[in-house]
Amino acid sequence: MGSLKRTHHCNALSAANIGQEVTLMGWVLRRRDHGGVIFIDLRDRWGLTQVVFNPEINPEVHAKAHGLRNEWVLAIRGRVEARPEGMVNPKLATGAIEILVSELRILNQSQTPPFPLDEEVEVSENLRLKYRYLDLRRPGMADNLVLRHKASQAIRSFLNDNGFLEIETPVLTRSTPEGARDYLVPSRVNPGKFYALPQSPQLFKQLLMVAGMDRYYQIVKCFRDEDLRADRQPEFTQVDMELSFVEEEDIFAIMEGMITHLFRETIGYKPVTPFPRMTYAEAMNRYGSDKPDTRFGLELIDLFTEVRNCGFKVFRDVVEKGGMVKAINAKGCATFSRKDLDDLTAYVGQFGAKGLAWVKIKEGGEWQSPIAKFFTDEERAAMTRTLDAQPGDLLFFGADSPAVVYAALGELRLELGRRLGFIDKKTFSFVWVTDFPLLEWDHEQRRHMAVHHPFTAPAEEDMALLATDPGKVRSRAYDLALNGTEIGGGSIRIHQPQVQRTVFATLGISEEEARDKFDFLLKALDLGAPPHGGIAFGLDRLMMIIAGRDTIRDVIAFPKTQKATCPLTDAPSTVARKQLTELSLRPDWKE
RNA sequence: GGGGUCGUAGUUCAGUCGGUUAGAACGCCGGCCUGUCACGCCGGAGGUCGCGAGUUCGAGCCUCGUCGGCCCCGCCA
């Protein structure tokens with residue numbers, strides 16, 4: 001760069017700077033060579049500025065500019081000029097001015113990039129990831145990283161102002177049972193032993209409460225070795241928090257404050273507080289999901305009383321065997337074609353539904369449906385009334401075990417929402433989901449599993465049920481759902497050692513195993529643990545929604561592919577045999 | 001582990017019923033051009049049709065396998 005010092009970035013200059021001598025540095029976004037005058041759009045993280053090479057004013061520099069190509073890195077010195085009459089570009093922040101160049105230094109050349117860096121063309125994601133440093137030069141992606149930075153800063157500043165301490169916890173820690181598959185790290189100095197990368201800093205943050213830190217937070221990487229999705233990466237970032245001497249209401253209030261601050265500081269949006277609340281049971285019944293998208297209706301409606309004695313054997317049998325029959329009224333959708341209905345039937349099939357019964361309501365209210373003939377006039381009238389079915393409506397029925405009905409109709413509801421254009425990315429609909437069950441029965445392992453995690457406190461009034469009917473016990477866990485995505489979850493924790501021992505026992509964790517794996521926690525609870533609870537937000541998912549993207553990969557600088565690989569570094573990779581033997585690992589695969 | 005979908009020029013894509021020399025746009029290279037801003041005009045180069053078998057007189061197209069991207073199910077306390 002020689003003696004040149006950058007004076008402005010590429011989005012800084014306006015009519016107010018006319019006449020100034022400036023130095024800009026950046027990349028060649030586009031070159032418009034008229035043979036005579038040459039225009040270069042010089043780009044950096046902030047924006048772009050048009051620079052002009054005029055042969056009449058500086059022939060030497062103009063000749064040099066002839067050879068410039070896309071993505072070359074330049075330093076230019078020149079004077080800020082007003083653009084000629086009628087040449088102002090209102091689409092650019094810097095559109096009123098241009099730089100008349102007196103000195104050009106080529107700081108680096110570039111090969112022709114493997115894909116265009118303007119936003120015009122969608123490029124395959126594999127190529128983008130292989131050249132992620134080029135992909136991140138593109139304005140949309142750069143904006144996402146800037147937005148994410150603002151979000152982290154907003155969260156930190158809010159939590160700092162509310163008495164939280166940012167404390168780091170170990171990345172090399174021990175594997176604990178329950179939960180996702182661990183990423184393991186072999187210990188060289190302890191042959192045959194392994195660290196695990198944390199699925200979350202759960203136990204450490206509880207220990208920090210026992211340590212009297214009172215309010216802790218951390219923006220921290222967590223690791224889960226499970227299969228990937230658009231909103232799931234093997235390493236992801238949590239905004240992790242824990243508070244002492246609190247109950248649910250305290251946490252809700254503080255978190256609503258944080259989320260409000262976050263949305264204001266990033267996109268200038270003001271959420272309506274307090275956020276609505278919904279029990280798990282209500283969420284499942286109305287939306288078939290524990291993370292309901294409350295931006296639109298199309299709710300599930302129960303037909304138990306209407307069908308339990310009805311003439312349609314399929315529905316009657318389902319109810320008799322403990323299943324359920326629910327329906328969705330797709331208002332005004334009677335115009336759906338046969339193909340639409342076939343598509344939707346196939347769609348719910350992947351969620352376990354064996355079929356999808358439908359009814360079109362014709363003018364005058366009669367049913368057009370393959371199943372209409374199985375019902376009496378009175379039965380049809382009763383269902384029409386319950387579902388508020390009007391001419392032009394389309395009814396969908398789900399009849400199966402509760403799990404299948406919830407999944408199939410819940411997903412059908414979302415699909416209908418998408419098809420009908422009810423999914424508005426500018427709307428942010430929050431809802432707290434509470435009163436989750438503490439445990440659920442795992443058929444494979446033939447034991448109860450923690451729905452949240454084994455340290456979640458049971459609801460006070462359900463404590464007695466732990467011994468008699470564990471599946472009925474509600475927990476003090478809560479999730480925050482936003483537009484149908486679970487963006488955060490947490491709970492009030494168990495702080496009494498005898499309660500923790502009881503829950504372990506209910507989970508089928510023996511006294512011995514508990515001592516082996518959780519002795520440090522039980523000891524800590526024995527040594528003056530305060531009542532405490534916390535929550536963690538998925539920062540990637542939050543950013544995905546705030547940035548209006550469909551995948552968290554777009555808000556992560558260097559994400560992995562669905563097969564958990566990195567096309568840029570080619571990780572994971574093989575390692576030298578010596579590295580393995582040092583770790584006391586003896587591979588049995590061929591190199 | 002399973003289902004779906006995609007893979008053709010540097011990029012994004014088209015490619016009919018299996019049939020002559022695989023096309024377009026953008027990009028790239030060269031030339032012309034003094035007010036463009038996705039500059040314009042003229043010319044040119046550029047292809048292991050992901051890979052491997054098979055069917056066929058003949059395969060970008062059909063079959064099987066395989067690799068990879070994406071979406072989903074399972075999985076994700």
Side-chain angles (χ1 to χ4, degrees), chain A residues 29-42 48-57 59 62 66 69-71 81 83-92 94-95 98 100 111-131 134 176-182 198-200 202-203 222-234 236 346-353 407-408 411 415 436 438-440 442 444 448-456 475 477 486 489-491 503 507 509 536 538 550-551 553 560-563 565 567:
Chain A
L29 174 64
R30 267 188 292 269
R31 170 180 66 107
R32 292 178 293 280
D33 187 341
H34 289 247
V37 67
I38 297 171
F39 300 99
I40 297 283
D41 289 337
L42 195 68
L48 64 89
T49 300
Q50 173 166 285
V51 301
V52 187
F53 299 88
N54 191 320
E56 283 174 8
I57 297 184
H62 174 266
H66 225 68
R69 290 297 181 269
N70 284 348
E71 299 309 313
E81 304 273 6
R83 292 199 186 182
E85 191 74 28
M87 299 298 163
V88 168
N89 185 345
K91 286 186 283 187
L92 294 182
T94 59
E98 60 194 12
L100 187 57
Q111 295 180 353
T112 302
F115 54 86
L117 298 192
D118 39 39
E119 290 289 278
E120 317 298 331
V121 184
E122 283 285 314
V123 180
S124 80
E125 194 158 1
N126 206 29
L127 198 64
R128 288 171 55 201
L129 291 183
K130 185 170 177 181
Y131 298 96
L134 297 181
T176 51
E178 313 272 318
R181 196 175 292 113
D182 283 323
Q199 297 178 26
S200 88
Q202 182 59 36
L203 290 172
C222 301
F223 305 87
R224 293 176 191 178
D225 187 5
E226 299 291 351
D227 287 344
L228 290 80
R229 291 284 189 282
D231 63 351
R232 271 163 43 184
Q233 286 269 305
F236 61 100
Y347 186 75
V348 297
Q350 59 182 320
F351 306 103
E411 294 292 342
E415 177 62 18
F436 281 82
L438 184 72
L439 308 162
E440 69 187 342
D442 185 307
E444 261 176 42
H448 281 101
M449 304 275 284
V451 168
H452 191 59
H453 57 54
F455 321 110
T456 298
S475 75
E486 179 198 327
S491 62
V503 169
L507 286 169
I509 299 174
D550 295 319
T551 164
R553 294 187 299 276
K560 294 190 170 48
T561 67
Q562 193 162 59
K563 286 203 71 187
T565 65

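Below, read A as the first sequence line, B as the second, and so on, with proteins coming before strands; counting in each chain starts at 1.
Under the Watson-Crick or G-U wobble criterion, with both distances below 3.5 Å, B/G35 is left unpaired in every strand shown. Base-pair partner of B/G43: B/C29 (Watson-Crick or G-U wobble, both distances under 3.5 Å). Pairing of B/A53, defined by two Watson-Crick or G-U wobble distances under 3.5 Å, is identified with B/U63. Across every strand in view, B/G68 sits in a pair with B/C6 that passes the Watson-Crick or G-U test at under 3.5 angstrom. Judged by Watson-Crick or G-U wobble contacts below 3.5 Å, the nucleotide B/A24 has B/U12 as its partner. Both distances falling under 3.5 Å, in either a Watson-Crick or a G-U wobble arrangement, occur for no nucleotide opposite B/C17.
Rounding to the nearest 0.5 angstrom, the gap separating the CZ atom in A/Phe223 from the CZ atom in A/Phe236 is 9.0 Å. Rounding to the nearest 0.5 angstrom, the gap separating the CZ atom in A/Phe39 from the NE2 atom in A/His34 is 5.0 Å. In this structure, the separation between CD1 on A/Ile57 and NE2 on A/His62 is 11.0 Å, given to the nearest 0.5 Å. The structure places CG of A/Leu438 at 7.5 Å from CG of A/Leu507, a figure rounded to the nearest 0.5 Å. In this structure, A/Glu178 CD and A/Gln199 CD are separated by 10.5 Å, a value rounded to the nearest 0.5 Å. For the atom pair CG of A/Asn70 and OG1 of A/Thr112, the computed distance is 7.5 Å after rounding to the nearest 0.5 Å.
Rounded to a whole Å, the CG atom of A/Asn70 is 15 Å from the P atom of B/C26. One can place CD of A/Glu125 at 13 Å from C1' of B/G68, the figure rounded to the nearest angstrom. A/His34 places its NE2 atom 11 Å from the P atom of B/A38, with the value rounded to the nearest Å. Rounding to whole angstrom units, CZ of residue A/Phe115 and C1' of B/C13 are separated by 18 Å. Nucleotide B/C6 holds its C1' atom 15 Å from the CG atom of A/Leu127, rounded to whole Å. Atom CG of A/Leu228 and atom C1' of B/C76 are 10 Å apart (whole Å). What separates OH of A/Tyr347 from P of B/U5 is a distance of 16 Å, to the nearest Å. Going from atom OH of A/Tyr131 over to atom C1' of B/U11 covers 12 Å, rounded to whole Å.
For A/Ala230, the side-chain atoms get nearest to B/C71 when compared with the rest of B/U34, B/C29, B/C71. Of the listed nucleotides (B/U36, B/G30, B/G69), B/U36 has the atom at the smallest distance from the side chain of A/Arg32. When distances run from any side-chain atom of A/Asn89 to the nucleotides B/G69, B/U11, B/C37, the shortest one goes to B/C37. Closest to the side chain of A/Thr561, from the set B/C70, B/G68, B/G30, is B/C70. When the nucleotides B/U34, B/C37, B/C71 are ranked by their closest atom to the side chain of A/Met87, B/C37 comes out on top. Nearest nucleotide to the A/Glu226 side chain, out of B/C73, B/C76, B/G35: B/C76. Minimum atom distance to the side chain of A/Gln50 is reached by B/U36, of the listed B/C76, B/U36, B/G69. Among the nucleotides B/G35, B/C71, B/C75, the one closest to any side-chain atom of A/Asp227 is B/C75. Taking the side chain of A/Val121 as heavy atoms from C-beta on, and the options B/U34, B/U12, B/C72, the nearest nucleotide is B/U12.
The nearest heavy atom of RNA chain B to A/Glu440 and to A/Asn126 marks one nucleotide each, and the one closer to the 5' end goes with A/Asn126. The residue among A/Ala450 and A/Pro567 whose nearest nucleotide of RNA chain B is located toward the 5' end is A/Pro567.
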Could you walk me through whether A/Arg553 and A/Glu125 pass salt bridge (charged side-chain N to carboxylate O under 4.0 Å, His left out), step by step? CA-CA 10 Å; A/Arg553 294 187 299 276; A/Glu125 194 158 1; 2.6 Å; yes
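Taking side-chain N and O atoms only, A/Thr565 has a distance below 4.0 Å to OP1 or OP2 of B/G69. Here A/Arg232 does not reach the OP1 or OP2 of B/C75: none of its side-chain N or O atoms lies under 4.0 Å away. Residue A/Gln562 places at least one side-chain N or O under 4.0 Å from the OP1 or OP2 atom of B/C71. Proximity of A/Arg69 to the phosphate of B/C29: a side-chain N or O atom is located under 4.0 Å from OP1 or OP2. For A/Thr551 and B/C70, the shortest distance from a side-chain N or O to OP1 or OP2 is not below 4.0 Å. Neither OP1 nor OP2 of B/C67 sits under 4.0 Å from any side-chain N or O of A/Lys563.
Between B/U66 and B/G30, the distance separating the two C1' atoms is 43 Å to the nearest Å. Rounded to whole Å, the C1' atom of B/G65 lies 26 Å from the corresponding atom of B/C57. Nucleotides B/A24 and B/G15 place their C1' atoms 11 Å apart, quoted to the nearest Å. Comparing B/C26 with B/C39, their P atoms sit 12 Å apart, to the nearest whole Å. Separating the P atom of B/C41 from that of B/G54 is a span of 49 Å, rounded to the nearest Å. Nucleotides B/A9 and B/U5 are separated by 24 Å at their C1' atoms, to the nearest Å. The separation of B/C49 from B/C32, taken at their P atoms, amounts to 38 Å, rounded to a whole angstrom. Comparing B/C42 with B/G68, their P atoms sit 45 Å apart, to the nearest whole Å.
Among the protein residues, A/Gln111 comes within range of no part of the nucleic acid, since none of its heavy atoms lies under 4.0 Å from any strand. Counting non-hydrogen atoms under 4.0 angstrom, A/Thr176 reaches nothing in the nucleic acid. Residue-level contact check: A/Glu56 touches the bases, meaning some heavy atom is under 4.0 Å from a base atom. If you check every strand for non-hydrogen atoms under 4.0 Å, A/Pro114 touches sugar and phosphate atoms only. Among the protein residues, A/Arg83 comes within range of the nucleic acid bases, having at least one heavy atom under 4.0 Å from a base atom. Here A/Arg553 lies in heavy-atom contact (under 4.0 Å) with sugar-phosphate atoms only. Base engagement by A/Arg229 is indicated by at least one non-hydrogen atom pair under 4.0 Å involving a base atom. Counting non-hydrogen atoms under 4.0 angstrom, A/Phe455 reaches nothing in the nucleic acid.
A donor-acceptor pair is defined here as one N or O able to donate and one able to accept, closer than 3.5 Å; such a pair exists between the side chain of A/Thr94 and the backbone of A/Leu48.
Using a 4.5 Å cut-off on side-chain heavy atoms (C-beta onward), A/Phe115 and A/Val121 make no contact.
The aromatic rings of A/Tyr347 and A/Phe351 stand perpendicular to each other, their planes meeting at an angle above 60°, with 30° marking the opposite boundary.
Between the base of B/G69 and the side chain of A/Arg128 there is no donor-acceptor pair shorter than 3.5 Å.
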